[in-house]
Protein chains: 2
Amino acid sequence: METTWDDRLRQAGLRVTRPRLAVLDVLVERPHVDAETIATAARAVHPSISPQAVYGVLKALVGSGLARRIEPAGGPALYELRVGDNHHHLVCRECGRVADVDCVVGAAPCLAPSDAAGFVVDEAEVVFWGLCADCQVARRQHGYGTGTTSSSIRGGVRA
Amino acid sequence: METTWDDRLRQAGLRVTRPRLAVLDVLVERPHVDAETIATAARAVHPSISPQAVYGVLKALVGSGLARRIEPAGGPALYELRVGDNHHHLVCRECGRVADVDCVVGAAPCLAPSDAAGFVVDEAEVVFWGLCADCQVARRQHGYGTGTTSSSIRGGVRA
DNA sequence: CTGTTCTCTTGAGTAGGTCAAATCAACAGG
DNA sequence: CCTGTTGATTTGACCTACTCAAGAGAACAG
């Protein structure tokens, strides 16, 4: 731990404030959280923080490159502090849990489309959808052997 | 054109109704449209169709595998009729235009994460972000040579 | 310590949906 | 062709996640 959050904020041209440090604290402890969860957790440190302040802080952090925003389909935006390494995400269809996946290729865009249709591509965003370990167990215990009987499973794309 | 939409709907266990045919007409002509655009366009064929009916139709189509829903970050959900071939998408950061990209690998999940962290993965969703041909031209004409000076460019992930 | 400027709070407003009840239309059976 | 059943649509309320604006407050340079 060499550079403090104070330093990092100032390096990014941002003032060091209690709401910002509170939000950063939450993000350090819990990667992949949504704004409301951040607000609730941040109130443990800074009770008067408002939801709008959280949105403002997050926008400032993302805008200055200190945090990254991801938006998995069907849920609120999630925020994480792991930036600059072009990693990807695993998302559980059942419980929404998110895990990081290292990008084996490296620098963005790690993949190139076969035919870019005239686009200049600068990022390839990859989301792996599936079931986390816990939800696999839970499903087996409820008697769901193989089929996609359960509720929240979206129409799969299984060529 | 062998199987009609009537047949396809019935095969999927859905009744053949005017709102459904109107929505399908729109989707045939314009891939990657949002619900509101569909509603507006469908009124050319079926003037009394309500926004909620469009949502209902789309939910039925997606649920029965006749349509696919994609949710690019920062915009409304889009719908397309191209299903079952596990293709991916190019999205323009500037104008939101979407283009299809064939998946070179084939069956889903076309990619496998390097470490699945206990997840069982059934789909790899890939979104390529960049600038479409038109927006590249428009940017050059406005004097934006190289930098990401413009407004709607989100914080890039450039390892 | 003081002024400037950025940040936060407070409160209203928005997009993009979902949910529920009642009406209406599709279509199977006679 | 007609009718009953059941699924689809309409209507209208409601909701989440988020943005915008104005004023009060705090950070930090001098």
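Side-chain atoms are counted along with the backbone in the values below, which use heavy atoms only and exclude waters and symmetry mates. Chain identifiers are assigned alphabetically (A, B, ...) following the order of the sequence lines, protein sequences preceding nucleic acid strands; residue numbering begins at 1 within each chain.
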With A/Ser64 via side-chain contact (heavy atoms from CB on, under 4.5 Å) - residues at least two apart: A/Ala12, A/Leu14, A/Leu66
Start and end of chain B contact along DNA chain C [non-hydrogen atoms, under 4.0 Å]: C/dG16 to C/dC27
Restricting to nitrogen or oxygen on both sides, can you table the protein-nucleotides 20-22 of chain D pairs closer than 3.5 Å?
none

Whole angstrom value for the distance that separates C1' of D/dA8 from CG of B/Asp6: 16 Å
Axis bend over the full length of the helix from C/dC1-D/dG30 to C/dG30-D/dC1, computed from five pairs that close each end, to 10 degrees: 30°
Those residues that, when tested against A/Asp102, pass side-chain hydrogen bond (donor to acceptor under 3.5 Å, both in side chains) (two or more places apart): A/Arg82
Under the side-chain hydrogen bond (donor to acceptor under 3.5 Å, both in side chains) test, residues paired with B/Asp115 that sit two or more places apart: none
Distance, rounded to the nearest Å, where B/Arg43 contributes CZ and D/dT10 contributes C1': 12 Å
Side chain proximity check, A/Val62 to A/Arg68, heavy atoms < 4.5 angstrom: no
B/Trp129 side chain reached by A/Glu125 side chain, heavy atoms, under 4.5 Å: yes
Side-chain donor or acceptor of B/Glu71 paired with backbone N/O of A/Pro72 under 3.5 Å: no
Residue pairs, two or more places apart or on separate chains, that pass salt bridge (Lys or Arg N to Asp or Glu O under 4.0 Å) and touch residues 26-54 of chain A: none
Nearest-angstrom distance from the residue atom NE2 of A/His46 to C1' of D/dA26: 11 Å
D/dT9 phosphate, OP1 or OP2, under 4.0 Å from B/Ser48 side-chain N/O: no
First encountered from the 5' end of DNA chain D, between B/Pro51 and B/Gly13: B/Gly13
B/Ala116 to A/Leu90 - nearest heavy-atom pair and separation: O-CD1, 3.3 Å
Polar-atom pairs under 3.5 Å, protein N or O versus N or O of nucleotides 27-30 of chain D: list them with distances, or write none.
{"from": "D/dA27", "atom 1": "N3", "to": "A/Arg15", "atom 2": "NH1", "distance (Å)": "3.4"}
{"from": "D/dC28", "atom 1": "OP1", "to": "A/Arg10", "atom 2": "NH1", "distance (Å)": "3.1"}
{"from": "D/dC28", "atom 1": "OP1", "to": "A/Val16", "atom 2": "N", "distance (Å)": "3.1"}

Residue pairs, two or more places apart or on separate chains, that pass side-chain hydrogen bond (donor to acceptor under 3.5 Å, both in side chains) and touch residues 51-63 of chain B: none
Positions of residues 19-34 of chain A (non-hydrogen atom under 4.0 Å from DNA chain D), listed by number: none
Distance-only donor-acceptor pairs under 3.5 Å for side chains of residues 15-22 of chain A, two or more places apart:
{"from": "A/Thr17", "atom 1": "OG1", "to": "A/Arg20", "atom 2": "N", "distance (Å)": "3.4"}
{"from": "A/Arg20", "atom 1": "NH1", "to": "A/Arg15", "atom 2": "O", "distance (Å)": "2.9"}

Tabulate below the donor-acceptor pairs under 3.5 Å that side-chain atoms of residues 73-80 of chain A make, not counting sequence neighbours, or state none.
{"from": "A/Tyr79", "atom 1": "OH", "to": "A/Arg69", "atom 2": "NH1", "distance (Å)": "2.8"}
{"from": "A/Glu80", "atom 1": "OE1", "to": "A/His32", "atom 2": "NE2", "distance (Å)": "3.0"}
{"from": "A/Glu80", "atom 1": "OE1", "to": "A/His87", "atom 2": "NE2", "distance (Å)": "3.2"}
{"from": "A/Glu80", "atom 1": "OE1", "to": "A/His89", "atom 2": "NE2", "distance (Å)": "3.1"}
{"from": "A/Glu80", "atom 1": "OE2", "to": "A/His87", "atom 2": "NE2", "distance (Å)": "3.1"}
{"from": "A/Glu80", "atom 1": "OE2", "to": "A/His89", "atom 2": "NE2", "distance (Å)": "3.1"}

Separation of D/dT19 C1' from A/Leu58 CG (nearest whole Å): 14 Å
